[in-house]
Amino acid sequence: MDAASQPAEPDMLTPLDPAFVKVVRIGWVLGLLPVLLGALVLESRELLPWGAFLGPVLVVGMVAVLRVPLRRYKARGYRLDEDRLRVVKGLLFRSDTVVPFGRVQHIDVEQGPLERLHGLGTLVLHTAGNHNSSVSLPGLLHGDALAMREAIRAHVTRETM
Amino acid sequence: MEAPAQGEWRRTHPLGFLAHLLTNMRRAILPLVALVVGGGDVFDSAAVAAIIVAAVAVNGLVAWLTWRHHLYRIGEDDIRVERGLISRSARSVPYERIQDVALEETALARLLGLVEVRFETGAGGKDELRLAYVDRAEGRRLRETVRGRQAGAAGVGGVGAGADAARAGAGVAGEGEAEEPARILFAMDLRRLLTFGMFEFSLVLFAALFGAAQQFEFLLPVDPWDADFWQEHTDLPAQLFGGLGIAVQVAAAVLALLTLVLIGLLTGIVRTILRDYGFRLEETARGLRRRRGLLTRTDVVMPLHRVQALTLTTGVMRRRFGPDGGWHGLDLVSLATDAKASSHTVVPFARMAEIAPVAAITGFALPGPETHWRLPSAQHRVDRALLLAVPLMLLAMAMAAAGAVLSVEVALLQGAGVALLAVLLAVRQAFLWRYNRHALDSGHLHVRAGWLAPRIAVASRIKLQSVEIRQGPLAQRRGYADLLFGVAGGTLKIEGVELGEARAIRQEVLDSIASVDFSRLPGQEKGPGPG
């Protein structure tokens, strides 16, 4: 129970594929487009001096698109051990989850359209627990995700309890 | 629609049609009463009678069609149920997925000699498969069939439907399964039931009456919200008492309070007796068998190998006014507890000495004197207390200041009230720090949480599914974390432990999980458990 005897766990994490940043950025851009359009419409009405709407939207948008995905990427990581998978995520609210392969019910590899564009995939492990019944790990190369699925499946001897 | 040749498609019991009709009619009674009372001016009595007949006829037709298009089949590997005329649904549940077969008898069904069969699949909150209603013998046969199929080659005496049916026919309700030698682990006599009921003090009756009064005020001959009406009718006593001075008024208030307490106690006792009358917990070869209920009798078997964790419960009062350490209850956390309705209470109200043997049978160790409890992080509780109390204190000061400046006395009082609340919340955090604790021994994880009525959760280390360390922004700076465990059918959380300790606990738990492969867990195999 001695904290000092514990290895510095966060250092041993494998980072996600850098393309994850791009995917998140594109997601943010798509999500912010309606806001940008709204700001442009408001500007065109000339209610306030020019830039009163567009300025803040652009500043917040730049931070959200350029900085946030990078920081999120840096906060994320995983570690694949012989018998367990550790998934770390979150900037403000950090979550550090470990799923032992012996408790995995079934495994999904998901791929959204943006992920497909960059050759990425999301690995989802399902457990029987009510909490963390599915643990997802995005930002893997699709091939890696498939390989990890096979590796984990070798440990899962049965799909049901 | 008729049954295909392979396997025998069966209908539920024809009398079930009557039970459904009566259940539906029970729901229709209030609107009908409203019609008779309120519609008297609009319709003449012949029209009212016609409407009632039509309501019964429509309900009857619906119930009959529902019954007619409700088929089930006991197949080779699964139970299939087809139902519905307009929107059809066909469902197949493989035997392996059925965790438990529960029989439930509502009062109405008991009169007709019927039971409702519930197949608990524990499939993450999905609806369970229900068959309402079949007769008792068929219910028992279904239960035996499912168990027999689950046992597979090991074979617990095969299906034996005929013999079962004969035995069931001879037996009283719920007494038919003589083939399973059972040892009574816990039972409640009337005296215990009454004691239990006293602690189940409940004012739910008033809430219900209030709700009903709002709902059906149009039925009442008077307007209950009309102050004049009450003044008129309560004027006489008020005149009488008003003249008698303050002593009588106090006495009246005390009397009213006593009545309230009495009604609360009575409600608790009645509800407890209805729910837990004839409570019996037995140990059978299949697991723990629980029977209870006065009007609605339930009969549930909880396989021991499916138990994931235990919860030791208590109450604010029952903890203080019980013999040797207070009254406690014991709940199982099981794979089949997804459905909130099916409670897995195995001991509702007992002494610790009575709970201990039941807990021992489940294989989970309750914490004892040798348990090495560890305290959570004090910093966590300090932060929580500050987070709660400081804003409230600021608010209280603002209110007091405003009250003083504007010389409004009420604001001063309210400010004092808010300040008191802030102090209480801070004190609660201090007590939570003292009362919340956890212990990790070779096989189990114990977590105690709560101040006035602490609950103790007992989880088996190898039956945990996942471990998460979670930190909010404050926790990251102050170096503590919450530990969240994945439990099948429940939740388990240790709040606010130091980060190093959280990591150590996780490491230990994960090592014990990894040491036992799920498929090799004795409890996780198909078929009967090891005992």
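Quick note on labels: first sequence line is chain A, next is B, and so on, each numbered from 1. In this text the structure is predicted, and so the values were computed from the model without any measurement. Any value given below was found using the heavy atoms of this structure, including those in side chains, with hydrogens, waters and symmetry copies removed.
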Problem set entry | Heavy atoms from other residues, nucleotides or ligands near CD of A:Glu115 exceed 12 (cutoff 6.0 Å) | yes
For this session: Kindly write out the residues that satisfy side-chain contact (heavy atoms from CB on, under 4.5 Å) with B:Thr311, not counting sequence neighbours, or none if the list is empty.
Result: B:Thr313, B:Asp331, B:Val333, B:Arg455
Exercise. Below 4.5 Å, heavy atoms only, C-beta onward: do B:Ile462 and A:Arg103 meet side chain to side chain?
Worked result: yes
Seminar exercise, completed: Heavy atoms of B:Glu468 and A:Ser95 approach each other most closely as OE2-OG, 2.8 Å
Exercise. So does A:Glu82 have more than 12 non-hydrogen atoms from other groups sitting under 6.0 Å from CD?
Worked result: no
Exercise. Got a second to check how far B:Ile513's CD1 is from A:Phe101's CZ, nearest 0.5 Å?
Worked result: 13.0 Å
For this session: First locate atom CZ of A:Arg86, then atom CG of B:Leu510, and finally report the distance between them rounded to the nearest 0.5 Å.
Result: 10.0 Å
For this session: Decide if atom CZ of B:Arg478 counts as having more than 12 heavy atoms of other residues, nucleotides or ligands within a radius under 6.0 Å.
Result: yes
Exercise. Considering only heavy atoms, which portion of B:Gln476 lies under 4.5 Å from any heavy atom of chain A: side chain, backbone, both, or neither?
Worked result: side chain
Exercise. Nearest heavy-atom pair of B:Gly472 and A:Phe93: which atoms, and what distance?
Worked result: CA-CD2, 3.6 Å
For this session: Output yes when B:Arg506 and A:Asp96 qualify as a salt bridge under the 4.0 Å nitrogen-oxygen rule, no when they do not.
Result: yes
Problem set entry | For A:Val99, side-chain contact (heavy atoms from CB on, under 4.5 Å) partners two or more places apart | A:Thr97, A:Val104, A:Leu125, A:Thr127, A:Val135, B:Ser466
Problem set entry | Straight-line distance of B:Gln465 CD to A:His131 NE2, nearest 0.5 Å | 12.0 Å
For this session: Check whether any side-chain heavy atom of A:Arg94 lies under 4.5 Å from a side-chain heavy atom of B:Arg470, and answer yes or no.
Result: no
